[in-house]
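Written below as structure tokens is the structure these notes are about.
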There are 2 protein chains.
Amino acid sequence: MRRSERKTTDPDLGVLTSTTLFALQKELFRTLAEQGHPELRPRHGAVLDYLDEDGTRATELAALSGRHKQVIGTLVDELVDLGYVERRPDPTDRRAKLVVPTARGRDQMARSDAIVAAIERRCADRVGEDDYAVFRRVFRAVAATLAATTSEPVASSPARRSASPTRMPSGPRT
Amino acid sequence: MRRSERKTTDPDLGVLTSTTLFALQKELFRTLAEQGHPELRPRHGAVLDYLDEDGTRATELAALSGRHKQVIGTLVDELVDLGYVERRPDPTDRRAKLVVPTARGRDQMARSDAIVAAIERRCADRVGEDDYAVFRRVFRAVAATLAATTSEPVASSPARRSASPTRMPSGPRT
DNA sequence: TCTTGATCGTCAATGATCATGACTAGATGG
DNA sequence: CCATCTAGTCATGATCATTGACGATCAAGA
């Protein structure tokens with residue numbers, strides 16, 4: 001059997017995570033566009049995916065999303081123009097600014113969470129509630145296992161380096 | 001509970017796939033670098049991940065990896081310079097060229113597959129063989145479910161739009 | 001055979017995204 | 001008061017993706 005066939009009939013963990021993340025992101029943004037948020041692109045997830053209702057600092061968003069402060073800055077600029085967030089001075093630190101979602105931003109956050117939840121529900125219905133529960137539990141363990149081995153040898157970097165489902169590029173038309 | 005905490009304690013499918021893919025890719029390339037392939041970057045996976053031992057067309061690599069033909073072309077250029085692949089005329093079609101792995105390329109392909117397999121084995125040992133089997137089976141079903149819904153409405157695009165584990169950017173130093 | 005349309009790989013130009021170092025203002029601890 | 005650290009921004013270069021076009025070739029039908 002050829003290698004390319006093997007990768008499609010019995011895909012390894014890399015292919016599985018990649019295809020799933022890719023498809024999930026595509027459906028998420030397509031649905032968001034239908035629900036009134038067509039200007040959002042995957043990169044904006046670095047901010048919106050980790051934003052709290054009462055505001056989050058840009059530096060913390062950088063750490064959570066694994067992006068540079070610089071990138072977060074330009075993303076927040078765009079999201080301010082689009083009306084999703086606004087910058088407020090942090091009362092506890094005059095250097096910092098809190099990135100706070102507007103009503104439109106909170107709407108996107110709620111819809112985004114709901115869309116992903118609906119996708120998961122669809123999968124659970126298809127494979128069965130019990131099996132899907134096992135899937136999710138093992139997945140958390142797998143993610144924890146991998147995160148441990150990749151971040152252990154690093155001591156100087158305090159970045160948590162998580163990732164968000166809205167950060168991969170979408171597919172071309174080949 | 002704040003949204004950002006919820007995303008870390010009970011992550012949704014998007015966060016799980018994203019963190020796992022991210023960590024998997026990081027470990028894969030770190031190990032590959034240790035085993036004699038330090039020049040490879042994630043983007044090269046669009047070619048090497050889907051390459052067959054007897055050669056594959058650039059257009060097919062584009063379809064399999066979800067990249068543009070243009071991107072595949074420049075990637076193949078780089079991989080030729082690095083000694084991983086070479087271009088040969090396709091005997092059955094004088095327009096096409098087969099991208100064929102060299103000995104060095106085949107070494108990378110074998111090591112890459114082995115590294116991912118070892119990571120999966122480590123996870124299976126931790127969570128138990130049975131649960132991991134369920135995890136993998138459900139994962140294939142989830143990937144198939146999502147792939148179906150995202151590609152169904154499209155009729156004009158023959159691209160298969162798969163994805164590879166070596167395509168995400170690595171994390172910055174914040 | 002000749003024509004029409006499609007495909008293969010490539011070139012060129014542009015846009016989008018990321019990485020890096022330096023800088024100002026403010027905080028923190030002695 | 002002073003040295004040091006942190007938060008956010010600016011500026012710049014590098015990397016990467018997208019798009020349209022092109023010559024060469026193939027495939028199907030008149």
Side-chain angles (χ1 to χ4, degrees), chain A residues 22 25-26 29 39-47 55-81 85-100 156-159 161 163-164 166-174, chain B residues 22 39-47 55-80 85-100 156-159 161 163-164 166-174:
Chain A
F22 184 54
Q25 177 197 273
K26 186 177 174 184
F29 277 83
E39 307 99 334
L40 290 179
R41 280 170 290 154
R43 41 191 330 256
H44 297 128
V47 170
T56 310
R57 288 190 189 180
T59 298
E60 184 161 5
L61 290 174
L64 287 169
S65 67
R67 288 283 175 273
H68 287 272
K69 290 189 297 179
Q70 169 77 23
V71 175
I72 299 296
T74 61
L75 286 176
V76 171
D77 286 342
E78 289 185 30
L79 290 172
V80 167
D81 289 343
V85 301
E86 57 186 15
R87 283 185 236 251
R88 290 190 202 160
D90 188 334
T92 69
D93 190 336
R94 274 195 294 174
R95 294 172 301 179
K97 296 167 188 171
L98 285 178
V99 179
V100 185
S156 62
S157 171
R161 296 192 189 180
S164 86
T166 54
R167 273 178 40 213
M168 279 190 66
S170 53
R173 287 161 211 90
T174 309
Chain B
F22 185 55
E39 307 100 333
L40 291 178
R41 279 171 293 154
R43 33 190 337 255
H44 297 130
V47 170
T56 309
R57 288 189 189 180
T59 298
E60 183 160 6
L61 291 174
L64 288 169
S65 67
R67 287 282 177 275
H68 287 272
K69 289 188 300 179
Q70 170 78 25
V71 174
I72 299 296
T74 61
L75 285 175
V76 171
D77 286 342
E78 288 185 31
L79 290 172
V80 167
V85 301
E86 56 187 16
R87 281 187 238 251
R88 291 191 204 156
D90 187 334
T92 71
D93 190 336
R94 275 192 295 172
R95 294 172 300 178
K97 293 169 189 169
L98 285 177
V99 179
V100 185
S156 62
S157 171
R161 297 194 186 177
S164 87
T166 54
R167 273 178 40 210
M168 279 189 66
S170 53
R173 287 160 210 92
T174 308

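Labels below follow one simple rule: chain letters A, B, ... track the order of the sequence lines, proteins then strands, and each chain is numbered from 1. Quick note: numbers below take in every heavy atom, side chains included, and nothing from hydrogens, waters or symmetry partners. What you see is a predicted model, and the numbers here were worked out from it, not measured in a lab.
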request  = For Val71(A), report the nucleic acid contact type (base, sugar-phosphate, nothing); a contact means any heavy atom under 4.0 Å.
outcome  =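 Here Val71(A) touches the backbone only, sparing every base.
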Kindly write out the residues that satisfy side-chain hydrogen bond (donor to acceptor under 3.5 Å, both in side chains) with [X], not counting sequence neighbours, or none if the list is empty.
| X | result |
| --- | --- |
| Asp90(B) | Arg57(B), Thr92(B) |
| Arg94(A) | none |
| Gln70(B) | none |

Without decimals, in angstroms, what is the distance between [X] [atom1] and [N] [atom2]?
| X | N | atom1 | atom2 | value |
| --- | --- | --- | --- | --- |
| Ile72(B) | dC11(C) | CD1 | P | 15 Å |
| Glu60(A) | dG8(D) | CD | P | 10 Å |
| His68(A) | dT20(C) | NE2 | C1' | 8 Å |
| Arg57(A) | dT6(D) | CZ | C1' | 9 Å |

Between [X] and [N], is there a side-chain N or O to OP1/OP2 distance below 4.0 Å?
| X | N | result |
| --- | --- | --- |
| Thr59(A) | dG8(D) | yes |
| Arg67(A) | dC18(C) | yes |
| Thr74(B) | dC16(D) | no |

key: Contacts of type side chain to side chain contact (heavy atoms under 4.5 Å, CB included), residue Arg87(B), not counting sequence neighbours   =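 Counting only residues at least two positions away or on another chain, Arg87(B) forms a side chain to side chain contact (heavy atoms under 4.5 Å, CB included) with Val76(B), Asp77(B), Lys97(B).
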Please examine the side chains of [Y] and [X], heavy atoms only from C-beta on, and report whether any two atoms are closer than 4.5 Å.
| X | Y | result |
| --- | --- | --- |
| Glu39(A) | Glu78(A) | no |
| Val100(A) | Val85(A) | no |
| Leu98(A) | Thr56(A) | no |
| Arg43(A) | Thr74(A) | yes |

message = Nearest 0.5 angstrom please: Ile72(A) CD1 to Thr59(A) OG1, how far?
response =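 It comes to 9.5 Å.
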What N/O pairs connect the protein and nucleotides 26-30 of chain C at under 3.5 Å? Give each pair on its own line.
from: dG26(C); atom 1: N2; to: Arg95(A); atom 2: NH1; distance (Å): 2.8
from: dA27(C); atom 1: OP1; to: Arg94(A); atom 2: N; distance (Å): 3.1

ask   = Nucleotide by nucleotide, 5' to 3', does protein get under 4.0 Å of the base (B), only the sugar-phosphate (S), or neither (-) in nucleotides 9-15 of chain D, counting heavy atoms?
value = BBB---S
